Visitor: 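Before we start, here is the structure in question, set down as structure tokens.
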Amino acid sequence: MVVSLTVPSLTWAQNVSSVLFEQQTWKEIQAGLQAGTNTIIIPVGGTEQSGPYIAVGKHNVRVLALAEQIAKKAGKTLVAPVVAYVPEGNTNPRTSHMRFSGTITVPPDIFEKLLISAGNSFQVQGFKLVVLLGDHGGYQKSLEKVEKSLNAQWQGTGAKALYVPGYYTVIAHHYAQWLKQQGYGKDVGMHADISDTSLQLAVAPSMVREQALRASGPPSTADGMYGGDPRKATAALGQAGVSMQVNAAVQAIEQERNK
């Protein structure tokens, strides 16, 4: 009798190859939880202008692709659907990236409540570690705030929220320094620069208008490009940054699990 009750759960778990939460049935998710897959990553992207040469869904595609790599490397981890609607400035008056077409924004408090609700959704199902992974700089403080709020709620439950700042900050620090060491110091900027463009070429090259980029003139803030120069960007350069981000996140997850 015991065998007949447990074998179906094992079969559900063994038949799942994807780490994407939304590609599994509820039975498969439940079986995974019972088998120890109790970490879930909430990948947070954003829909914003990224200069004339990168499609506006850059952050969404990139964070999902990297979250999949992180989940597979960390093991026993699923990836939740991407949060694509994030704070990007005001609509009246139009500020920040909202000054450009192609950007979608929501108020910070709505954004934070959405993440708290998502986190609670996973916690009540049995997930023990809910990882907040943000690909865009504008909401990093909100992610930290959500982590603290969830952990206050979950005291004594055995569940934990984990915000991973290193996933984002490694780009502005270690990756930027690495690019400078390769001779690209003048090309590193703040947005839609060689760093941003190389990362996108490494993950989703079809989202970069490469022919137009190579033929373009110097970058301009009027075009939504803030410092640096993307024209020397390559997928090979981007892969170095991707590896840094993946390793930073996996290390943070493993450290939290070992506490």
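Please read all numbers here as calculations on a predicted model, not as lab measurements.
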Visitor: Which is it for Y167 and V63 under the side chain to side chain contact (heavy atoms under 4.5 Å, CB included) test, yes or no, and what are the steps along the way?
Guide: CA-CA 10 Å; Y167 170 86; V63 75; 3.7 Å; yes
Visitor: Flag the pair T39 / K128 as yes when at least one side-chain heavy-atom distance between them is below 4.5 Å, and no otherwise.
Guide: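 They are not in contact (no side-chain heavy atoms under 4.5 Å apart), so the answer is no.
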Visitor: For Y85, does the OH atom sit with more than 12 other heavy atoms under 6.0 Å from it, leaving out its own atoms?
Guide: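 Count not over threshold, so no.
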Visitor: Counting N and O atoms only, with roles assigned by atom type, does the side chain of H173 sit under 3.5 Å from a partner on the main chain of T169, one being a donor and the other an acceptor?
Guide: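 Yes, H173 side chain to T169 backbone: donor-acceptor pair under 3.5 Å.
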Visitor: Do F127 and T77 touch side chain to side chain, with heavy atoms closer than 4.5 Å?
Guide: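 No, their side chains stay 4.5 Å or more apart.
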Visitor: Sequence neighbours left out, what passes side-chain hydrogen bond (donor to acceptor under 3.5 Å, both in side chains) with S198? Give chain and number order.
Guide: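 side-chain hydrogen bond (donor to acceptor under 3.5 Å, both in side chains) check on S198 returns nothing, list empty.
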Visitor: So E147 and L132, do their side chains get closer than 4.5 Å, heavy atoms only?
Guide: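 Sidechains of E147 and L132: in contact.
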Visitor: Ion pair present between R62 and D196, side-chain N to carboxylate O less than 4.0 angstrom?
Guide: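 Counted as a salt bridge, because a side-chain N and a carboxylate O are separated by less than 4.0 Å.
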Visitor: Does K76 form a side-chain hydrogen bond (donor to acceptor under 3.5 Å, both in side chains) with T37? I'd like the steps, not just the answer.
Guide: CA-CA 4 Å; K76 301 290 186 180; T37 299; 4.7 Å; no
Visitor: Given side chains that start at C-beta, do those of E210 and P205 come closer than 4.5 Å, heavy atoms only?
Guide: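 Counting from C-beta outward, E210 and P205 never come under 4.5 Å.
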Visitor: Enter the distance from E22:CD to I29:CD1 here, rounded to the nearest 0.5 Å.
Guide: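 The distance works out to 10.0 Å.
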Visitor: Please answer whether the main-chain N or O of R231 pairs with a side-chain N or O of R214 as donor and acceptor at a distance below 3.5 Å.
Guide: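 Yes; judged by distance alone, with no hydrogens or angles, the pair exists.
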Visitor: Counting neighbours of CD on Q211 that are heavy atoms of other residues, nucleotides or ligands and sit closer than 6.0 Å, is the number greater than 12?
Guide: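 No, not enclosed.
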Visitor: Does the pair E256/K259 count as a salt bridge with the N-to-O cut at 4.0 Å?
Guide: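 Salt bridge present between E256 and K259.
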Visitor: Which residues satisfy the side-chain hydrogen bond (donor to acceptor under 3.5 Å, both in side chains) test with Y139, sequence neighbours excluded?
Guide: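 Partners of Y139 under the side-chain hydrogen bond (donor to acceptor under 3.5 Å, both in side chains) test: none.
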Visitor: Is a side-chain N or O of D187 found less than 3.5 angstrom from the main chain of I194, in a donor-acceptor match?
Guide: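 Between the backbone of I194 and the side chain of D187 there is no qualifying donor-acceptor contact (under 3.5 Å).
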Visitor: I need the M225 CE to Y53 OH distance, nearest 0.5 Å.
Guide: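 With rounding to 0.5 Å, CE (M225) is 5.5 Å from OH (Y53).
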Visitor: Could you check whether any side-chain heavy atom of L129 comes within less than 4.5 Å of a side-chain heavy atom of I253, counting everything from C-beta outward?
Guide: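 They are in contact (side-chain heavy atoms under 4.5 Å apart), so the answer is yes.
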Visitor: Spell out, as yes or no, whether a donor-acceptor pair under 3.5 Å connects the side chain of T91 to the backbone of R94.
Guide: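 Side chain of T91 to backbone of R94: no pair is present.
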Visitor: CG/D109 to CG/L114 distance, rounded to the nearest 0.5 angstrom?
Guide: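 Nearest 0.5 Å value for the CG-CG distance: 11.5 Å.
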Visitor: Do V44 and F111 make a side-chain contact, defined as non-hydrogen atoms from C-beta onward lying under 4.5 Å apart?
Guide: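 They are in contact (side-chain heavy atoms under 4.5 Å apart), so the answer is yes.
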Visitor: Kindly compute the distance separating CG (L133) from CG (L64), expressed to the nearest 0.5 Å.
Guide: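 Rounded to the nearest 0.5 Å, the CG-CG separation comes out at 10.5 Å.
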Visitor: Taking S117 for its side chain and K113 for its backbone only, find out whether a donor-acceptor pair lies under 3.5 Å.
Guide: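 Yes: the side chain of S117 pairs with the backbone of K113.
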Visitor: When you look at Q49 and H97, which way does the side-chain hydrogen bond (donor to acceptor under 3.5 Å, both in side chains) test go after all the steps?
Guide: CA-CA 6 Å; Q49 72 83 18; H97 291 307; 3.1 Å; yes
Visitor: For the backbone of M98 and the side chain of S96, can you confirm whether one donor and one acceptor N or O come within less than 3.5 Å of each other?
Guide: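 No; judged by distance alone, with no hydrogens or angles, the pair does not exist.
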Visitor: So L199 and I171, do their side chains get closer than 4.5 Å, heavy atoms only?
Guide: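 Yes - at least one pair of side-chain heavy atoms lies under 4.5 Å apart.
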Visitor: Mind checking the OG1-CE spacing from T197 to M207? Nearest 0.5 Å is all I need.
Guide: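 The CE atom of M207 is 12.0 Å from OG1 of T197, to the nearest 0.5 Å.
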Visitor: For a side-chain hydrogen bond (donor to acceptor under 3.5 Å, both in side chains) check, start with the C-alpha distance between Q140 and Y163, then their side-chain angles and the critical distance, and finish with the verdict.
Guide: CA-CA 9 Å; Q140 296 292 320; Y163 159 55; 2.8 Å; yes
Visitor: Less than 4.5 Å apart, any side-chain heavy atom of D193 and any of D229?
Guide: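 With C-beta onward as the side chain, the pair stays apart.
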Visitor: Do side-chain atoms of T105 reach the backbone of G89 as a donor and acceptor pair under 3.5 angstrom?
Guide: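 Such a contact is found between T105 side chain and G89 backbone.
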